[in-house]
J.: 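Handing you a structure now.
We use all heavy atoms of the structure for the numbers below, so side chains are in, but hydrogens, waters and symmetry mates are not.
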Amino acid sequence: MMFSRKKPLPSWKGSTAFVLAMLLALITGCGTAPASGSGNNMAQGAAPAAPGTAVKNEKAGAWPEVLRIGVLPGEEEGKLSRGNKKFAEDLGKAVGIKTELFVGDDYTAVVEAMRTKKIDIASYGPFSYVIAAERSGAVPFAVKAKSQKDAFYYSLIVVPASSKAQSLADLKGKSFLFADPASTSGHLFPRGSLIKTLGITNDQVEGFFSNVSFSGGHDKSILAIAKGTADGAGVCDTCIQRVVDAGLVKDSDYRVLAKSDPIPSGPMTYRKDLPADLVEKVKQFMFNYHKENPDYFSNGTQAFYPIEDKDYQIVKDTAKALNMSPDELLKK
């Protein structure tokens, strides 16, 4: 994808070392999550139990009557919504129980829904996964990617195509959007880029702009940029591409001012107390889903690949460098 710009994109080199060093300076202010709305939007998405399938009562080792799947903000628009519904339907048919989609208002709503056992499976961003693992018992098991080695993505700082800004410094006095306080690519990495590139402290980020706010999701941020209602925003590259693929935004609606080094992709997770035999059936379905429904895998991703908790150590180190607990991150 080509972008119109007069200067080369700044690159945030040495991602691991830089993130850890930089985020030590973020201890006092980098990101607590907003109080969540109810997030209680359930959309029935799948097949009833197959004939002859006994629906088990929910107790130790028993399958739930309904398998509920949590969806992150920005994943329920147009084609994205239809893809999620079909995925839920196909999963329900494969495991033999009914499924439902849970549409969260924000990252916090999805984390809390898993903690309170309102959902059983969910996709998270890397940093929100770290929160969900500690707070909600989320266990990572799959990631969408071209291959297991290519399971990463990038954080971008973007502006409207018509913007006169050609560098981050040109955004001084302008409005800026982060996606969500618990977002890796929509908050932490863009904030780090601003601090490093502009030579300012974390406390000075908000003062550099005329207004800084959280949009509530990557989709909302890129839509605001496309409409010209925000001057700059931090978003993930794959999130933009999903919105473009859904026909909500054009590539020509925005330009890129900065791009991060690779970030490990967000995982699909299950609630740790789900029955092991159900988890195995879900894994079997997902790791073969590219054969059944290749159209589900847009954005250059070709399949689900196994992922483990240890693959997110850099993100855990980032959270540790922030010196903030999940409770503190979810208070904002």
J.: Name the one of F152, Y153, F127, Y154 that satisfies side chain to side chain contact (heavy atoms under 4.5 Å, CB included) with I263?
T.: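 Option passing the side chain to side chain contact (heavy atoms under 4.5 Å, CB included) with I263: Y153.
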J.: Strictly below 4.0 Å, N to O, side chains only: are R68 and D120 in salt-bridge contact?
T.: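 Salt bridge: no.
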J.: Does atom CD of Q284 have more than 12 heavy-atom neighbours from other groups under 6.0 Å away?
T.: no
J.: Would a 4.5 Å heavy-atom cut-off, applied to side chains only, mark V130 and T184 as touching?
T.: no
J.: Thinking salt bridges, do K281 and D277 make one under a 4.0 Å N-O criterion?
T.: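 Salt bridge between K281 and D277, a charged N being under 4.0 Å from a carboxylate O: no.
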J.: Closest heavy-atom contact between P140 and E308?
T.: CG-C, 3.8 Å
J.: When the aromatic ring centroids of Y289 and F304 are compared, is their separation below 6.0 Å?
T.: no
J.: Over all heavy atoms of both residues, which pair between D106 and A109 is shortest? Give the atoms and the distance, please.
T.: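 In terms of heavy atoms, the two residues are closest at OD1-N, 2.8 Å.
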J.: Would a distance-only check, ignoring hydrogens and angles, find a side-chain to backbone donor-acceptor pair under 3.5 Å from H187 to P181?
T.: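 At least one qualifying donor-acceptor pair exists.
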J.: Tell me if the centroids of the rings in F87 and F285 come within less than 6.0 Å of each other.
T.: yes
J.: Considering only NZ, NE, NH1 and NH2 on the basic side and carboxylate oxygens on the acidic side, decide whether D295 and K86 come within less than 4.0 Å.
T.: no
J.: Is there a donor-acceptor pair under 3.5 Å between the side chain of S123 and the backbone N or O of M268?
T.: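 Looks like no, no N/O pair under 3.5 Å.
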J.: Any idea how F287 and F141 line up, ring-wise: parallel (<30°), tilted (30 to 60°), or perpendicular (>60°)?
T.: perpendicular
J.: So does A224 get a backbone contact from the side chain of T229, meaning a donor-acceptor N/O pair under 3.5 Å?
T.: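 Checked: pair present.
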J.: Using modelled atom types only, decide if a donor and an acceptor are shared between the side chain of S136 and the backbone of V111 within a distance under 3.5 Å.
T.: yes
J.: So that I can tick it off, tell me whether R135 and E112 are bridged by a salt bridge, with the cut-off set at under 4.0 angstrom between side-chain N and carboxylate O.
T.: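 Counted as a salt bridge, because a side-chain N and a carboxylate O are separated by less than 4.0 Å.
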J.: Between S128 and Y124, is there a donor-acceptor pair closer than 3.5 Å when you use the side chain of the first and the backbone of the second?
T.: no
J.: When you measure from the side chain of S215 to the backbone of K220, do you find a donor-acceptor pair of N or O atoms at a distance under 3.5 Å?
T.: no
J.: Report the distance from atom OG of S213 to atom CG of L177, rounding to the nearest 0.5 Å.
T.: 4.5 Å
J.: Tell me whether Q148 contacts the main-chain N or O of P306 through its side chain, where contact means a donor paired with an acceptor under 3.5 Å.
T.: yes
J.: Do R191 and F178 have side chains that get closer than 4.5 Å, going by heavy atoms?
T.: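 Answer yes - side chains close enough.
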